[in-house]
Protein chains: 2
Amino acid sequence: MTEPTDRKVIDLKGLKVACQECSLRDLCLPVGMSVQDIDRLDHIIRRKRPLHRGDYLYREGDELHSLYAVRSGSVKSFSVSEEGEEQVLGFHLPGELVGLDAIHDSTHHCSTIALETTSVCEIPFDALEELAQEIPGLQHQLFRLMSRELQNDEHFMMVLGKKSSEEKLSNFLVSLSQRFSSRGFSGTEFMLSMSRNDIANYLGLAVETISRLFTRFQNNGLIEVDRKFITIRDLEGLRRLAGPQCGGHMGAHRG
Amino acid sequence: MTEPTDRKVIDLKGLKVACQECSLRDLCLPVGMSVQDIDRLDHIIRRKRPLHRGDYLYREGDELHSLYAVRSGSVKSFSVSEEGEEQVLGFHLPGELVGLDAIHDSTHHCSTIALETTSVCEIPFDALEELAQEIPGLQHQLFRLMSRELQNDEHFMMVLGKKSSEEKLSNFLVSLSQRFSSRGFSGTEFMLSMSRNDIANYLGLAVETISRLFTRFQNNGLIEVDRKFITIRDLEGLRRLAGPQCGGHMGAHRG
DNA sequence: CGCTGCTTTGAACAACTTCAACTTCTGTGG
DNA sequence: CCACAGAAGTTGAAGTTGTTCAAAGCAGCG
């Protein structure tokens, strides 16, 4: 499981950054762990070569081998119903862990693909579990991360069930803005790596509705839309539209 | 934390059953643990006196002290928005664990109340975490339970986002039926412990819609409704209405 | 008995979807 | 480098589903 040699090789290629030096350290698994413990974690993690747009991280039905932490880029999780209809479950940005929902029965119930060029850290689950057994801080952080996912889901369930289309989309945008900010990117200018279709699917709306909302938001001076590039002109206004408790970090589910 | 004396006293009152003898053993925390380990778990669990309808297990904003396993009866989790609007997050039957979403920041973000006379096992989280550090099987089962919640949420998100009102309600009923069955109760005749309002709120619909659907389902010979008592007359028909992959055990979220 | 709260039912209304047509973008091959 | 085909996005008009509002029916309970 541990591959120090391999890691060094990848390091030379510029793909590898140890957890210790990773800018996502404070958002990811290592939170609350000692330097020594992070080093142990580091040794089970495999840095993979970057994925291209459309590459699968894993597919629905696959056995669970590893969890994945997004390092750069973004991924989308979705499942496909028997009739072939896709359901988008979430979008994941750097520092977010995907695959947690597969632990239950060691099987992935959704697929995850890269939305753009994306690099991830692969974390073999068996090794992670063993390590968590030895490192209390790691066990705790795993519990915390899973619990946070549950909280996110709660918030999202409320958005899906109780909000109008306007509120849904503004919630989505505010959430993206916040997540970009906390990762050191601009919270007011960013690129949507997903299609309108994906957004619509995710929010339980029709593509046409999303399109109309984008134009409406733009006309109201809330945002500026240029294809996939979004500029937020009035974050406070968006927040107001999103309704109260819109703090909930939405858009990240499952993987 | 461990209160053997107290436990014996409660035992005499007929409230206490050790995990070992509990009929919910195979649905709850002890899954996959050895007899000895279950005994250790048993020692940190506090059996509380029964709650009455409307009693709070914990409130939104409370600090996390314990997780709770429903032993009998049922509870409802919900949060209240700033405008005072309630959002029902889930209903929990015996054998289900509530409070997991509070681990993230040691704070409950929803309230949980008893829908009827209900007894629960209180599991102090600190002690549980310590024990999980020593008992690999317990750590694993905790990961599994949290992961299952994530999977449930996924399924529910799909129901909320993509399904019609008919599909939502039939999904709900099928899920209840399954959960009652696997707990040894009748899967075709049961009492709804929650109000129409709660169901509507949970499914993101209006009360009136739920009411109309109940009458429609009854007219179509799918179910028989007598106040809170439901008799399922055509489970297969309901399943068909619920759409594919309706297996997902729905209705249990958050707590 | 007469509240009070929950449920049911009807009718009008609104929000969002669907359908259809058109535009813009993207990328591929000549 | 341009042309073209297919995908993605936008826009308008009509159609549905579910909501809202209003009112009446019913069970439980002091």
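Below, chain A is the first sequence line, B the second, and so on; all start at residue 1.
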Charged N to carboxylate O under 4.0 angstrom, [X] versus [Y]?
X	Y	result
B:Glu167	B:Lys162	no
A:Glu96	A:Arg179	yes
B:Glu116	B:Arg53	no

Roughly, in whole Å, what's the span from [atom1] in [X] to [atom2] in [N]?
X	N	atom1	atom2	answer
A:Ile210	D:dA8	CD1	P	16 Å
A:Asn197	C:dT24	CG	P	20 Å
A:Leu192	D:dG9	CG	C1'	13 Å
B:Phe217	C:dT8	CZ	C1'	16 Å
B:Asp226	D:dC26	CG	C1'	12 Å
B:Asp198	C:dC6	CG	C1'	11 Å
A:Leu203	C:dT17	CG	P	10 Å
B:Leu205	D:dT20	CG	P	11 Å

Problem - Gap separating the CD1 atom of A:Ile123 from the CZ atom of A:Arg46, nearest 0.5 angstrom - result: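 Those atoms lie 11.0 Å apart.
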Practice task
Between D:dG9, D:dG18, C:dT8, spot the one nearest the side chain of B:Ser211, thanks.
Solution key: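 Looking only at heavy atoms from C-beta outward on B:Ser211, the closest nucleotide is C:dT8.
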Problem - Options D:dG9, D:dG18, C:dC16, nucleotide nearest the side-chain atoms of B:Ser165 - result: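 It is D:dG18.
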Any [X] side-chain nitrogen or oxygen under 4.0 Å from OP1 or OP2 of [N]:
X	N	answer
B:Thr215	C:dT8	no
B:Arg196	C:dT8	yes
A:Thr209	C:dA15	no
B:Lys228	C:dT7	yes

Practice task
Confirm from the modelled atom types if B:Arg212 and D:dT20 form a donor-acceptor pair under 3.5 Å, side chain to base only.
Solution key: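 Indeed there is one.
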Practice task
Answer yes or no: side-chain N or O of B:Glu208 and base N or O of D:dC21 forming a donor-acceptor pair under 3.5 Å.
Solution key: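 For B:Glu208, whose side chain was compared with the base of D:dC21, there is a donor-acceptor pair (under 3.5 Å).
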Practice task
Assess A:Lys76 against A:Phe78: is NZ or CZ under 6.0 Å from the centre of the six-membered ring, and within 45 degrees of the ring's axis?
Solution key: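 Here A:Lys76 passes the 6.0 Å and 45° test against A:Phe78.
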